[in-house]
Colleague: 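Handing you this structure, nothing more for now.
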Amino acid sequence: MSVFTTVTADDLQPFLKRYAIGTLVDLKGIAAGVTNTNYFVTTTHGRYVLTLFETLRASELPYYVNLMAHLAQHGIAVAAPIANLDDAYIDTLNSRPTLLVTCVPGQVIDAPTPGQCAQVGEMLAQMHRSAAHYHGHMDNPRGLGWWRDTAESVYALMPPAEADFLRRELALQAEADFSTLPHGVVHADLFRDNVLMDGEQVGGFIDFYYACNDVLLYDVAITLNDWCVTADGDIDAERARALLKGYQGVRPLSDAEVAAWPLMLRGAAIRFWTSRLLDFHKPAAGEMTFAKDPGHFHRVLSRHVARRDFWV
Ligand SMILES: Nc1ncnc2c1ncn2[C@@H]1O[C@H](COP(=O)(O)OP(=O)(O)O)[C@@H](O)[C@H]1O
Ligand SMILES: N[C@@H](CCOP(=O)(O)O)C(=O)O
């Protein structure tokens with residue numbers, strides 16, 4: 001359930017007067033999603049998504065919101081922020097920082113086809129290209145240092161063999177030097193539940209609140225680890241090849257990126273293994289979400305370690 005802060009028509013009508021998007025026709029809470037309060041808002045001008053931020057403060061939002069606006073201006077399929085009459089994207093409703101964005105078409109797909117993976121790869125590469133001139137900068141708050149600190153906080157709660165495995169993998173990541181690989185703006189959480197597919201086309205990327213500046217190949221690895229995964233944590237080679245072909249049709253990988261790819265896939269798996277371990281073993285006080293299975297990314301990582309063919 002993702003309506004944490006209730007919004008009524010009486011709350012919304014005066015709020016909408018600060019925008020030029022018509023008057024309220026319908027307001028409906030969105031059940032999917034885990035972090036923020038989301039509503040579909042239909043006005044006389046069309047359909048929008050209203051987000052009330054439950055944890056991020058207004059001062060933390062400009063990097064993400066200006067990025068979404070920048071990408072939308074460049075024709076990338078993303079939800080486009082709507083400015084109010086003061087020309088601000090971030091407003092306030094019911095004491096929460098609030099954003100209105102366009103409603104993108106499509107739905108979340110659980111079992112993507114290779115063709116859909118190819119479209120996601122293509123759109124991701126276009127996103128990387130078109131964000132090259134985005135002026136905002138945000139270091140990755142969930143980089144290697146965060147993985148290590150998080151792992152340290154849960155080792156004692158893990159089966160010893162798994163903790164040893166994670167320690168060894170983190171040591172390998174620490175030895176790697178990715179500093180010369182192409183960097184830029186990455187979504188950093190482009191899982192299936194953060195993309196709406198409109199048939200075979202990408203309807204829109206959503207949920208940019210982990211976006212940051214980092215290695216572009218890392219974003220490809222995060223995306224592939226979710227879009228091309230099988231139920232047992234293995235990677236489906238046909239989907240993986242399709243996603244990489246779609247991506248490389250726009251931004252071919254360099255030799256250095258191809259060489260770094262196997263380790264990057266492992267790093268991307270560690271990122272979500274550690275965050276899921278933390279959520280599982282140490283849920284934040286008052287946290288409103290249920291923890292996702294950390295074991296899944298343990299399996300994804302183990303499969304990558306054993307793998308000899310990496311589809312590039
Ligand atoms: N711009 C949008 N257009 C259409 N549907 C959207 C849009 N933004 C969010 N949604 C819907 O709301 C759901 C939850 O959004 P999400 O951003 O994942 O929430 P949370 O930040 O709480 O994780 C999505 O799965 C999707 O169904
Ligand atoms: N995609 C991640 C979860 C990302 O964090 P959230 O705050 O959006 O739940 C995963 O599947 O572990």
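Ligands are counted one by one from 1 in listed order, and the atoms in each one are counted from 1 as well.
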Colleague: Is R96 positioned over the aromatic face of F4, cation under 6.0 angstrom from the ring centre and no more than 45 degrees off axis?
Modeller: no
Colleague: How about Y209 and N194: does a side-chain donor come under 3.5 Å of a side-chain acceptor?
Modeller: no
Colleague: Look at the side chain of D149 and the backbone N and O of W146, then say whether any donor-acceptor pair between them is shorter than 3.5 Å.
Modeller: no
Colleague: Give the atom numbers and elements of ligand 2 that come within less than 4.0 Å of a heavy atom of D189.
Modeller: 1 (N), 2 (C), 4 (C), 8 (O)
Colleague: Looking only at atom types and distance, does a side-chain atom of R192 sit under 3.5 Å from a main-chain N or O of D110, one as donor and one as acceptor?
Modeller: yes
Colleague: If the contact criterion is a heavy-atom separation under 4.0 Å, does T37 count as touching ligand 1?
Modeller: no
Colleague: For ligand 1, which atoms sit closer than 4.0 Å to a heavy atom of V101?
Modeller: 1 (N)
Colleague: Between the candidates N38, V49, L196, which shows the shortest non-hydrogen contact distance to atom 2 (C) of ligand 1?
Modeller: V49
Colleague: Under a 4.0 angstrom heavy-atom cut-off, which atoms of ligand 1 come close to A79?
Modeller: 1 (N)
Colleague: Would you mind finding which of D207, V104, I206 brings a heavy atom closest to atom 10 (N) of ligand 1?
Modeller: I206
Colleague: Which atoms of ligand 1 sit under 4.0 Å from any heavy atom of C103?
Modeller: 3 (N), 4 (C)
Colleague: Any nitrogen or oxygen of N36, side chain or backbone, less than 3.5 Å from one on ligand 1?
Modeller: yes
Colleague: Is it the case that the side chain of E257 and the backbone of S254 share a donor-acceptor pair, with hydrogens and angles ignored and the cut-off at 3.5 Å?
Modeller: yes
Colleague: Give the atom numbers and elements of ligand 1 that come within less than 4.0 Å of a heavy atom of N194.
Modeller: 18 (O)
Colleague: Between H304 and I235, is there a donor-acceptor pair closer than 3.5 Å when you use the side chain of the first and the backbone of the second?
Modeller: no
Colleague: Is L24 linked to V7 within one hydrophobic cluster, defined over Ile, Leu, Val, Met, Phe, Trp and Tyr using a side-chain heavy-atom separation of less than 4.5 Å?
Modeller: yes
Colleague: Distance-only, no hydrogens or angles: does the T98 side chain make a donor-acceptor pair with backbone N or O of L93 under 3.5 Å?
Modeller: yes
Colleague: For atom 3 (C) of ligand 2, grab the closest protein heavy atom and report residue, atom and distance to one decimal in Å.
Modeller: K292 NZ, 3.9 Å
Colleague: One residue to check: Y210. Relative to ligand 2, which of side chain, backbone, both or neither has a non-hydrogen atom less than 4.0 Å away?
Modeller: side chain
Colleague: For the residue pair M138 and L67, establish whether any side-chain heavy-atom pair is separated by less than 4.5 Å.
Modeller: no
Colleague: Please determine if D207 has a nitrogen or oxygen closer than 3.5 Å to a nitrogen or oxygen of ligand 2.
Modeller: no
Colleague: Need the ligand 2 atom indices (1-based, order shown) with element for anything under 4.0 Å from a heavy-atom of T35.
Modeller: 7 (O)
Colleague: Considering the heavy atoms of F40, write down every atom of ligand 1 situated less than 4.0 Å from one of them.
Modeller: 4 (C), 5 (N)
Colleague: Do me a favour and list the nearest non-hydrogen protein atom to atom 12 (O) of ligand 2 with residue, atom name and distance?
Modeller: R276 NE, 2.8 Å
Colleague: Between H296 and F272, is the gap from one ring center to the other below 6.0 Å?
Modeller: no
Colleague: Considering only non-hydrogen protein atoms, determine which one is nearest to atom 9 (O) of ligand 2 and report residue, atom name and distance to 0.1 Å.
Modeller: V34 CG2, 3.4 Å
